[in-house]
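Note that the structure is predicted; figures quoted are calculated from it, not measured.
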Amino acid sequence: MVLLASQCWSCRHYVSGLFGAVGRPHCAAFPEGIPHEVIRGSVDHREPYPGDNGIRWESNGRPWLDLPPELRDLLGL
């Protein structure tokens, strides 16, 4: 599963909750939903990405591959 490698889970801007109010993962940079290329890890969001409102990945202190609790529960990990 590609989403397991997403840098989003370790970003301080990620909004907890797999499918929040917008019906898909979102964050401060992408309040209407994180683009597939970003959430899949196809691009490194430490670099600018169109539509990111100038907000880029910043560590939340969690290891890059450590998933948020709600996703771990969903996957039974």
Side-chain angles (χ1 to χ4, degrees):
M1 176 182 276
V2 177
L3 291 181
L4 296 180
S6 178
Q7 71 190 86
C8 297
W9 320 131
S10 63
C11 181
R12 74 180 199 92
H13 301 291
Y14 175 74
V15 176
S16 185
L18 192 56
F19 299 104
V22 298
R24 54 192 272 207
H26 60 288
C27 64
F30 303 105
E32 299 302 315
I34 301 170
H36 293 274
E37 296 79 15
V38 176
I39 196 97
R40 284 192 320 243
S42 300
V43 297
D44 184 345
H45 196 223
R46 292 176 291 183
E47 300 297 324
Y49 188 84
D52 68 11
N53 298 301
I55 300 170
R56 296 197 226 341
W57 182 90
E58 293 179 55
S59 176
N60 64 8
R62 185 181 324 172
W64 192 298
L65 294 178
D66 188 16
L67 301 176
E70 67 273 11
L71 188 53
R72 293 181 63 79
D73 291 345
L74 181 70
L75 296 172
L77 300 174

- Task: For the residue pair Y14 and W9, categorise the inter-ring angle as parallel (less than 30°), tilted (30 to 60°) or perpendicular (more than 60°).
- Result: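 Rings of Y14 and W9: perpendicular, as their planes differ by over 60°.
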
Heavy-atom pair with the smallest gap, counting every atom of [X] and [Y]:
X: C27; Y: V15; answer: CA-CG2, 3.7 Å
X: H45; Y: A29; answer: CE1-CB, 4.0 Å
X: A28; Y: P31; answer: O-CD, 3.6 Å

- Is any side-chain heavy atom of N60 closer than 4.5 Å to a side-chain heavy atom of C11?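 N60 vs C11: side chains apart.
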
- Does the side chain of D52 reach to within under 4.5 Å of the side chain of R56, using non-hydrogen atoms?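 A side-chain contact under 4.5 Å exists here.
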
- Spacing of CZ belonging to R46 relative to CD belonging to E58, to within rounding of 0.5 Å: 12.5 Å

- Query: Are any side-chain N or O atoms of W57 and backbone N or O atoms of D44, one a donor and one an acceptor, separated by less than 3.5 Å?
  - Reply: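 No, because the side chain of W57 does not come within donor-acceptor range (under 3.5 Å) of the backbone of D44.
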
- Answer yes if the side chains of H26 and E32 hold a donor-acceptor pair under 3.5 Å, and no otherwise.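 No, E32 and H26 have no side-chain donor paired with an acceptor closer than 3.5 Å.
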
- With hydrophobic residues grouped by side-chain heavy-atom distances under 4.5 Å, do I34 and I55 end up in a single group?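 Looking at the clustering, I55 is in a separate group from I34.
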
